[in-house]
K.L.:
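For reference, the structure I am asking about is given below.
Chain identifiers are assigned alphabetically (A, B, ...) following the order of the sequence lines, protein sequences preceding nucleic acid strands; residue numbering begins at 1 within each chain.
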Amino acid sequence: MTDTLFSYTDAEEVTLFVDLVLPIPVPRLFTYRVKRDMAALIKIGARVIVPFGKSRVITAVVASLHNHPPQNYQARYVLELLDEYPLVTGYQLQLFAWMAEYYMCCIGEVMNVALPSGLKITSQSKVQYNPDFEHPDLLTPQEVTLMEDLKKHPSLSYEELGRLVGEVNVPTLIKSLVGKRAVIVFDEVKEKYVPKMVRKVRLHRNYEQPEQLLALLQRLDKLPKQQEVVMRYLRHVPMQRNPALNEQGLEKGILNQDDELSQSSLGTLVKNGVFETFELIQPRFSDTFSPQKEIVLTAAQRTASDSIMAEFAQKNIVLFHGITGSGKTEVYIDLIQKVLAGGSQVMYLLPEIALTTQIVVRLQKVFGDKMGIYHSKFSDNERVEVWKGVVSGQFQFVIGVRSAVFLPFDNLGLIIVDEEHETSYKQHDPAPRYHARDVAMMLAHWQQAKVLLGSATPSIETYYQAKQGRYGLVELFQRYGDANLPFISLINTKQEKKQKTMKNEFSSALYNALADNLERGEQSILFQNRRGYSPYLQCEDCEWTSQCLNCAVSLTYHQRAAELRCHYCGHKEDVPKVCPTCGSTKVRTVGYGTEKLEDQLQILFPAARIQRMDLDTTRAKNAYQQIISEFEHGNVDILVGTQMITKGLDFDNVSLVGIFDADRIIRWPEFRATERAFQMMTQVSGRAGRRADRQGRVLIQTSDPSQVVLQKIIDNDYLGLYDEEIVERRDFNYPPFSRLIKLTVRHTDQRVSKKAADVLCASLAAQLGDERVLGPEQPLVERIRNQFLYDILIKLEREKINFKAVKAFIQSCITDILTDKGLRAVSVIIDVDCL
DNA sequence: AGCACGCCGACT
DNA sequence: GTCGGCGTGCTC
């Protein structure tokens, strides 16, 4: 500014602007004005509420503060400042920006998956009564009446709230209520938190004083049943000594003790006004933890832990390669304790399925309420609590799934990525399509934290880095408690079919083994990685098969639900009684899903108790836990399941694992198929024989036992697998020797989709060269939800490539397509480091 | 992503 | 004559 003469007055008049991250898929920040009274309080990383577009109000995060008024438009005002202390750290903003750049998406898309929806108040969000609300005394009179309304309604929308309170500023009101933890905010789309209610009873006020109580008991002398109920109540609520205890009452269930007589007596007492019933919302955080348990490491575990520490002195990333059942968890606990004692934070990542199991319980016993759990099965409100707990310092240690990398850590000392090879660490559907393992490494790099990658079957990429010396490597090949590795054998189904010894698709070997196990009272697990009853229906008289209308896949037959389902778009239809084409009644099921296996096993072994575990049986809230505990308590003889059973289940009594169809796992049309097959089958095998006193057995059904990977699985020969795979990867320039970016072009008109893909491919290849650009090619499922898909795969060697520049070029090619008149309607999905 | 604006078909 | 279909374009 040239106008220095008046700068002393200007200094006070300068308008403050903020650049905000909005949860909107637009590749830029948005500038808003800040009113003077807010200017002193607003900070980078704080959330604000702003008006956006014609009729929306949304939550944004402050990315920067400045005083440059925008040139081409008038900035609008920030409506409300939500956080006096930022809920988003500088590291997180750095992470958001990095992810948007690296994974080629918008920073708003990153923010959208990063923040739990409870932290994003918008004009679309709803509020409900917080079951854990503790301080009604803080409310203003207006808020008190509003809370009464909220108690009556399950939830209120933004508009409804506005109508109820009249002229008051709704965002301000919500801010106030959220701040007092009186309400919780949730996303209408997602399922809201359903508070658990307890039914309680208490004595009527008239009987609270000792003399009144005594009179009551005397009056009930002639009614012994009712007298007994009152006595029982007094035993649990000793109000003779302290009448105030009556206020809290007693749970109805405890008083009733499930006998009908006391129930009817209680009913009479309630009717006569002696007792009154009321309901209370059960607080969720009422668990108590057992005291800290001492963890004693075995010699091998001790050595491993020490070696990891030693490696960390040299390297920032260490691969901990330990076979299944070697007791990696104890080693982790040891390391976590060390890092926490040093005052740093720890993040422990696990794939979704593994997190639901015993590991959490085990860690909770050690770390108690200092440990936060970040899991998708938890309600959004609980995620918000974990987030705030990390900011406040309550949680120095969090165990969580993929999305835990977004938590506001600022002082990480250690990140553990367990089951490092798991593909579920890569987010597939909404952008950002990030890999939590890689993001974790970035976070660690910024915060000078160490990363421990754990796996029994490391990904080829990771093992390569370890071999190259870029990562430290610690291996633990001794099974915990000297349990033996299972004995794995192959069953040639082709041969058995020739000899006619198969029972349906069960080989005699598998059948006999299952029968033996049943007889001995030992448990078995049968693995089949396909849910439903059968992958499709087929007419025997014509060519008809069940096909999805919207996708190029067959409809899977689900017998239990009595419907045909598309596993891609979710479309459901009734099962036809006759062939829809020719009217024939000979419609048969083809192929085997877990449901059919369950059925056939029941026919083969009528006395066996069989349980199925797949997506369909575990959808309900606690179904997963229930199945596991049933199995654990020996109430199940044979557990049939998909991938879900491969992880984290440690059961003593399982002595047999059957892999129903190995061929299907091996012959996946993908360059990682062999690696996957090895990982998957090794993991399932690990479920067998986790006890020292006998060796578990694994039977693998295959039509071709000579397949190389099978022998490697039998020999538990990870190194052999690695040596072969790495050669192929090098020869064909696949990861770790290259990076892959997959572009998927989508449109409802196949010709448009194809044209766009061709044009895109040509412009990419013109610059990058034919050998780096593959396709366009129709994916395995060429049409999903009536959109025709074409894939383009870009291979970029690690050396001598300016990754950033290439990505910018790719982006420009896509922009060209999307501005082309005839092709602009297509959408292009970008997947960096696709799996 | 939402949301409005805008320009063409089957309905009271 | 309108209601509403979803194509296109914009949001500080």
K.L.:
For A:Val26, answer base if it contacts any base atom (sugar-phosphate contacts may also be present), sugar-phosphate if it contacts only those atoms, and nothing otherwise; contact means non-hydrogen atoms under 4.0 Å.
P.N.:
base
K.L.:
If I take atom CG in residue A:Leu29 and atom P in nucleotide C:dT11, what distance separates them, rounded to the nearest angstrom?
P.N.:
16 Å
K.L.:
List in chain and number order the residues that pass side-chain hydrogen bond (donor to acceptor under 3.5 Å, both in side chains) with A:Gln778, two or more places apart in sequence or in another chain; answer none if no residue qualifies.
P.N.:
A:Tyr790
K.L.:
Would you tabulate the pairs of protein nitrogen or oxygen atoms and nucleotide nitrogen or oxygen atoms of nucleotides 4-9 of chain C closer than 3.5 angstrom?
P.N.:
unit_1, atom_1, unit_2, atom_2, d
C:dG9, OP1, A:Arg824, NH1, 3.3

K.L.:
Among all residues two or more places apart in sequence or in another chain, which pass the side-chain hydrogen bond (donor to acceptor under 3.5 Å, both in side chains) test with A:Tyr568?
P.N.:
none
K.L.:
Using a strict cut-off of less than 4.0 Å between a Lys/Arg side-chain nitrogen and an Asp/Glu carboxylate oxygen, indicate whether A:Lys426 and A:Asp831 qualify as a salt bridge.
P.N.:
yes
K.L.:
Under 4.0 Å, heavy atom to any atom of DNA chain C: which of residues 742-759 of chain A qualify?
P.N.:
none
K.L.:
Salt bridge between A:Arg383 and A:Asp380, side-chain N to carboxylate O under 4.0 Å?
P.N.:
no
K.L.:
Heavy atom of residues 72-82 of chain A under 4.0 Å from DNA chain C: which residues?
P.N.:
A:Tyr73, A:Ala75, A:Arg76
K.L.:
Do any N or O atoms from the side chain of A:Thr556 and from the backbone of A:Gly532 form a donor-acceptor pair under 3.5 angstrom?
P.N.:
no
K.L.:
Using side-chain hydrogen bond (donor to acceptor under 3.5 Å, both in side chains) as the criterion, list what pairs up with A:Arg433, not counting sequence neighbours.
P.N.:
none
K.L.:
Enumerate the protein-to-nucleotides 2-9 of chain B contacts in which both atoms are nitrogen or oxygen and the separation is below 3.5 Å.
P.N.:
unit_1, atom_1, unit_2, atom_2, d
B:dC3, OP1, A:Gln124, NE2, 2.9

K.L.:
Provide the full list of salt bridge (charged side-chain N to carboxylate O under 4.0 Å, His left out) pairs with a residue in residues 175-186 of chain A, sequence neighbours left out, each pair given once.
P.N.:
A:Glu80-A:Lys175, A:Glu143-A:Lys180, A:Arg181-A:Glu385
K.L.:
Could you tell me which residues satisfy side-chain hydrogen bond (donor to acceptor under 3.5 Å, both in side chains) with A:Asn67, sequence neighbours excluded, listed by chain and number?
P.N.:
none
K.L.:
Considering residues at least two apart in sequence or located in another chain, which fulfil the salt bridge (charged side-chain N to carboxylate O under 4.0 Å, His left out) criterion with A:Glu563?
P.N.:
A:Arg565
K.L.:
Please identify each residue that fulfils ring pair (Phe, Tyr, Trp, His ring centres under 6.0 Å) with A:His428, with sequence neighbours left out.
P.N.:
none
K.L.:
Applying salt bridge (charged side-chain N to carboxylate O under 4.0 Å, His left out) as the test, list every pair that has at least one member in residues 42-63 of chain A; sequence neighbours left out.
P.N.:
A:Arg47-A:Asp83
K.L.:
Would you check if the distance from the ring center of A:Tyr434 to the ring center of A:Phe406 is below 6.0 Å?
P.N.:
yes
K.L.:
Under 4.0 Å, heavy atoms only, any strand: does A:Pro25 hit a base, just the sugar-phosphate, or nothing?
P.N.:
base
